[in-house]
Number of protein chains: 2
Amino acid sequence: MASKAGLTATTIHVIPATNLAPVPTPGTEDYLKLAHTDHMLVAKWSAQNGWDTPHIKPYGELGILPTSSCLHYATECFEGLKAYRGEDGKLRLFRPDQKGERLEMSAKRASLPTVQPDQLKHLIEKLLELKAPSQMVAQDLPSPVPVYPTDHCGNRKPMSFGTPQEALLFIVAAPYPDISKTIKARGQSSGLKLLVSPPGSARSWPGGVGYAKVGANYGPSLEAHNAAKAIGFDQVLWVFGDDQSVTEAGASNFFIIWKNKQTQELELVTPTLNNHLILGGITRKSVLELAKPRLSTSVGDLAPLKVSEVDFSMNDIEEASDEGRIVECFVSGTAYFITPVSLIKTASANIEIPVPENDQSYAATIKAWLESITYGLESHEWSYLVPG
Amino acid sequence: MASKAGLTATTIHVIPATNLAPVPTPGTEDYLKLAHTDHMLVAKWSAQNGWDTPHIKPYGELGILPTSSCLHYATECFEGLKAYRGEDGKLRLFRPDQKGERLEMSAKRASLPTVQPDQLKHLIEKLLELKAPSQMVAQDLPSPVPVYPTDHCGNRKPMSFGTPQEALLFIVAAPYPDISKTIKARGQSSGLKLLVSPPGSARSWPGGVGYAKVGANYGPSLEAHNAAKAIGFDQVLWVFGDDQSVTEAGASNFFIIWKNKQTQELELVTPTLNNHLILGGITRKSVLELAKPRLSTSVGDLAPLKVSEVDFSMNDIEEASDEGRIVECFVSGTAYFITPVSLIKTASANIEIPVPENDQSYAATIKAWLESITYGLESHEWSYLVPG
């Protein structure tokens with residue numbers, strides 16, 4: 001009988017897959033042909049018994065009934081994190097405890113059962129230890145990076161609106177392209193093109209769930225995302241309120257490097273998390289934590305700068321552009337990693353953003369620092385070595 | 001090969017269930033022991049081929065993969081409608097075309113494929129014709145009412161954030177208790193108790209999706225709903241903005257009958273749909289459409305009243321209560337039908353609302369009018385007779 005105390009990764013039932021997908025050829029992009037690895041991890045929860053023993057089994061259907069609340073009421077949340085294979089052939093997770101803490105927060109917000117971050121980390125590592133690594137072959141750096149979404153969803157008994165009495169936690173591993181590479185390969189405009197969200201459209205609001213990684217933040221923003229894609233933009237830059245306060249770029253956080261209007265001081269700025277509109281990205285947090293000490297003095301040709309979490313508006317960006325004060329913009333996130341922005345389009349203006357082509361840009365420097373950690377070139381507490 | 005033109009109900013593959021649940025005994029509440037009827041209807045859609053031939057098959061798992069976008073990104077919407085069995089033994093649907101139109105609107109908003117309202121109605125009727133009716137036994141009026149949620153959900157290929165390339169439409173039939181009866185059976189406080197949403201908490205927002213029946217409106221509001229339930233309330237009365245503008249009661253629309261402060265005229269009022277915060281309920285619409293002509297003159301002991309869609313605030317309600325101008329409050333919806341409200345609690349006040357015990361209240365009169373239509377006692381274009 002399962003304990004109601006919580007989910008533990010100490011005992012896992014393993015049902016090995018027999019129909020194995022071919023291992024991609026090292027040095028090629030064959031891995032992108034895989035939709036997922038051979039196995040998935042699934043753990044069931046019920047209000048009556050708590051968490052059941054987790055299972056690792058062949059990738060396949062989850063057994064979700066049509067009356068499941070996750071299909072009607074979006075009682076769901078998730079996380080995505082990447083496993084990086086270093087030159088030593090070993091896999092590393094980037095700040096899995098931070099991801100686990102955020103999943104805990106999101107699950108509470110979605111009225112779903114929680115899993116301790118430490119246990120979640122061990123579940124991920126058990127899945128990776130089994131079969132997945134053989135399909136995540138060593139590549140030249142930067143190597144392909146699989147994503148590990150982790151979903152909760154309320155299951156069954158949904159006919160009345162209430163807390164799910166059953167839930168599933170599941171973890172799958174899938175190959176993921178390096179989006180920053182894809183953007184770079186486009187050539188001339190080697191930065192993201194962002195379209196400012198249309199007036200009268202809001203991704204999130206005070207008192208809502210913009211700060212949690214719940215499904216409800218994504219489906220409703222697809223309409224604006226698709227409209228932006230259809231006219232050649234990569235992402236929507238979501239602004240909020242009458243003053244068009246900058247929030248986030250949908251699947252990523254937004255950073256700008258400019259000369260401060262008042263002080264003329266060089267400044268790396270990202271919006272605050274104050275009013276709960278923005279998902280507090282782990283990559284965002286890492287950028288801030290690295291940039292604060294390391295960019296307080298000059299780095300190569302890069303002048304030192306101040307790092308600030310401050311709210312600003314589209315007006316501030318336009319003004320800075322008109323006055324030639326913008327140095328760089330970039331987005332951060334697990335999917336986009338660190339990718340420069342080359343254009344921001346508002347209803348009335350095309351704001352061109354400089355994208356330095358050499359590796360001496362701030363974005364490229366921060367990206368290199370992060371890669372050094374994620375791939376284990378630099379020993380760092382943020383990088384968790386997967387045993388085996 | 002399926003046509004990309006749309007979904008048609010003309011050809012349906014039927015796989016009959018062999019393991020049939022017992023038919024409930026007429027005149028009892030045995031039907032509530034059923035979680036669902038023996039069959040469900042499922043239709044698959046893909047961007048490549050459009051809608052596939054719909055299947056009616058034994059109720060069971062939907063074959064959803066862990067990488068399905070409906071589990072991560074809440075690419076989902078739904079409808080619920082009731083089938084009423086009249087004294088003639090026949091089943092009727094209430095305004096299925098209106099529900100179909102709303103599902104079309106919600107599906108568009110959720111970036112999902114649409115189904116023509118007329119085809120949806122025929123799909124529902126095919127499911128009912130088959131086996132479901134034998135489990136929906138004739139009862140004394142008001143009879144048990146099954147619910148027919150209809151879900152779309154983006155399926156598979158979700159690893160990048162984008163429009164679902166596959167989707168499912170599914171229809172299940174399940175027994176549903178008469179909530180207004182349950183509330184009445186509680187005795188003394190034979191009305192709903194509503195808790196005003198906590199400050200800094202918002203169900204919806206201008207530019208959001210509060211007006212569409214998408215999953216994203218529900219999961220995030222569960223937290224406040226549970227907190228209200230835990231202290232003995234039935235539902236949250238969601239208010240918006242600094243002036244606490246009244247919106248809706250979560251799963252239902254809100255109506256108040258009061259003497260107008262300025263004119264002292266008797267008035268039936270519900271908030272407008274102007275800023276897209278509120279789901280435009282079909283029952284809400286029907287109440288307005290019935291009340292306007294029928295309550296323009298006195299009905300029995302009930303004085304005539306004016307029917308208005310007007311925005312008002314919690315302050316207006318408190319003031320009306322203090323001045324003894326409130327006559328009745330009720331909510332409307334498919335789940336709650338027409339149910340009186342007896343208490344509204346704000347952070348600082350308990351507003352007691354009169355609940356007339358006799359059948360001569362406005363709420364009871366409107367409810368009786370609607371029941372007369374839903375059960376086919378009155379021939380009306382809103383009631384759709386299921387053939388067979």
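Naming: A, B, ... by sequence-line order, numbering from 1 per chain. What you see is a predicted model; the values in this text were computed from it and never measured.
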Quiz item: How about Phe240(A) and Trp205(B): are their ring centroids closer than 6.0 Å?
Solution: yes
Quiz item: Checking Lys229(B) against chain A: side chain, backbone, both or neither under 4.5 Å from a heavy atom?
Solution: neither
Quiz item: Looking at Pro164(A) and Leu222(B), what are the two nearest heavy atoms and their distance?
Solution: CD-CD2, 4.0 Å
Quiz item: What heavy-atom pair brings Thr75(A) and Gly219(B) nearest, and what distance separates the two atoms?
Solution: CG2-CA, 4.3 Å
Practice problem: Determine yes or no for a side-chain-to-main-chain donor-acceptor pair under 3.5 angstrom, with Glu223(B) supplying the side chain and Ser111(A) the backbone. | Solution: no
Practice problem: Count the heavy-atom pairs under 4.5 Å between each of Ser204(B), Gly250(B), Ala251(B), Gly200(B) and chain A, then report the option with the highest count. | Solution: Ser204(B)
Practice problem: Output the option from Ala224(A), Gly208(A), Ser197(A), Ala202(A) having the highest count of non-hydrogen pairs under 4.5 Å with chain B. | Solution: Ala202(A)
Quiz item: If you take all heavy atoms of Gly60(B) and Leu65(A), which pair is closest and at what distance?
Solution: C-CD2, 3.6 Å
Quiz item: Aromatic rings His72(B) and Phe170(A): how do their planes relate, parallel, tilted or perpendicular, breaks at 30° and 60°?
Solution: perpendicular
Quiz item: Out of curiosity, Ser221(A) OG to Tyr73(B) OH, how far, rounded to the nearest 0.5 Å?
Solution: 10.0 Å
Exercise. Would you mind reporting whether Leu71(B) and Leu62(A) have side-chain heavy atoms less than 4.5 Å apart?
Key: yes
Quiz prompt | Pairs of heavy atoms under 4.5 Å with chain A: top-ranked of His225(B), Arg109(B), Met40(B) | solution = Arg109(B)
Practice problem: Would you mind checking which part of Pro220(B) comes under 4.5 Å of any heavy atom in chain A, side chain (CB onward), backbone (N, CA, C, O), both or neither? | Solution: both
